[in-house]
Amino acid sequence: MKKKRVTVKELAAHIGVSEATLRTDLNKMEEDGLLKRTHGGAMLNEDSDNETSFSAREKKNREEKTIIADTAFELIEEKQCILLDASSTALELARHLKNQPIRLTVVTSGVLTALELKENPDITVILIGGVLTNRSSSIEGTLGLSILEHVNVDIMFTSGNGFSVENGLTDFNLYEVALKKELIKKSNKIVALVDSSKIGKSSSAVFATPEEIDILITDQVSNVALSTKLKEQNIEFITPVFN
């Protein structure tokens, strides 16, 4: 939809979700600087540009994302092929990888992630083709998926707007969700990078079910209840270790 102002009722009908779920997503999107809530609906921020919305998300919980990225790096081995989605947490992992003497192939749907990694001569970067939309730094759509027929992805590192043990990873951008679903099918192992503010929350669309997720990495040092539930779903729970 190209309108700058929309009501909850018409948007819910357009994308096929409940108005209650959509209101929660719109509130979250307002927190992330993507839009401004209005009575009964929402409107785009007039002063935002292609980078603004992602910048807002990137700065949020930056310290937690850095901790998660440092922990995730321990799972990566020399000469692997890994996949990073366009999330701000995966971008933080890319920033960590940029300065590491490790030979890797990195496939990504994130434009900023690709630009970050190109600085490392030991890393081969493959950017998935597709549509680059306004107010986004991520590729949308499935036009470029054929590139994955030529690589074997060992691990996919991904994040979303929310994670719950019941639903898995969820997001509100249905076009990104469609791409992520396909990326997950092509990956041998799925690692969810989720800062603690997103745990227990759900958004409009599921892109990785609990059965598809192998490992969850978060910044929470200990959470017995969450750990127990994840174990029941056969999801490995990794938290940072502080000296």
Side-chain angles (χ1 to χ4, degrees), residues 32-34 49-77 79-145 147-148 150-161 169 171 173 175-184 186-187 189-195 198 207-208 215 217:
D32 290 346
L34 293 163
D49 58 23
N50 290 358
E51 298 297 330
T52 303
S53 58
F54 187 84
S55 295
R57 282 183 285 148
E58 182 193 356
K59 291 170 185 172
K60 193 171 183 181
N61 302 323
R62 181 72 181 272
E63 184 178 347
E64 288 85 348
K65 291 171 184 175
T66 302
I67 292 169
I68 291 169
D70 291 348
T71 306
F73 175 70
E74 300 301 321
L75 297 177
I76 301 171
E77 298 178 6
K79 297 183 180 179
Q80 279 187 326
C81 176
I82 67 170
L83 196 158
L84 303 181
D85 70 4
S87 65
S88 56
T89 313
L91 176 59
E92 206 59 48
L93 177 54
R95 288 190 175 122
H96 186 95
L97 286 170
K98 178 170 114 174
N99 301 312
Q100 301 298 325
I102 183 171
R103 286 174 293 173
L104 290 173
T105 297
V106 179
V107 183
T108 184
S109 57
V111 175
L112 296 180
T113 299
L115 291 173
E116 199 75 39
L117 290 169
K118 76 178 180 62
E119 302 299 327
N120 188 329
D122 293 325
I123 295 178
T124 299
V125 182
I126 300 173
L127 181 61
I128 295 170
V131 179
L132 184 62
T133 59
N134 189 29
R135 293 178 173 82
S136 174
S137 60
S138 63
I139 299 298
E140 294 179 355
T142 57
L143 291 173
L145 280 177
I147 191 70
L148 294 181
H150 306 285
V151 295
N152 181 42
V153 177
D154 295 298
I155 311 174
M156 176 180 177
F157 294 92
T158 182
S159 187
N161 186 51
L169 284 165
D171 217 321
N173 185 325
Y175 299 104
E176 272 195 66
V177 163
L179 175 59
K180 285 185 179 184
K181 281 183 175 179
E182 295 303 315
L183 297 178
I184 282 164
K186 303 283 188 179
S187 304
K189 181 181 288 187
I190 306 300
V191 178
L193 309 176
V194 186
D195 71 67
K198 298 175 180 178
F207 65 86
I215 299 172
I217 301 177

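These values consider heavy atoms only, across backbone and side chains, with no hydrogens, waters or symmetry-generated copies. Everything quoted here is computed from the prediction, not taken from an experiment.
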Measuring from atom [atom1] of [X] to atom [atom2] of [Y], what distance do you get when rounded to the nearest 0.5 angstrom?
{"X": "Ile147", "Y": "Ile128", "atom1": "CD1", "atom2": "CD1", "answer": "9.0 Å"}
{"X": "Leu183", "Y": "Lys180", "atom1": "CG", "atom2": "NZ", "answer": "9.0 Å"}
{"X": "Leu91", "Y": "Lys65", "atom1": "CG", "atom2": "NZ", "answer": "9.0 Å"}
{"X": "Arg95", "Y": "Leu117", "atom1": "CZ", "atom2": "CG", "answer": "10.5 Å"}
{"X": "Leu193", "Y": "Met156", "atom1": "CG", "atom2": "CE", "answer": "10.0 Å"}
{"X": "Asp171", "Y": "Ser87", "atom1": "CG", "atom2": "OG", "answer": "9.0 Å"}

[X] to [Y] - nearest heavy-atom pair and separation:
{"X": "Ile217", "Y": "Ala72", "value": "CD1-CA, 3.6 Å"}
{"X": "Leu127", "Y": "Ser109", "value": "CD1-C, 4.4 Å"}
{"X": "Lys186", "Y": "Val153", "value": "O-CB, 3.9 Å"}
{"X": "Cys81", "Y": "Val151", "value": "SG-CB, 4.3 Å"}

Side chain to side chain contact (heavy atoms under 4.5 Å, CB included) test vs Ile82 passes for just one of Ile123, Thr105, Ile76, namely Ile76
Pairing of Lys98 and Glu116 as salt bridge, 4.0 angstrom limit:
yes
Just so I know, are the side chains of Asn173 and Asn161 near enough to count as touching, which here means a heavy-atom distance under 4.5 Å?
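Sidechains of Asn161 and Asn173: no contact.
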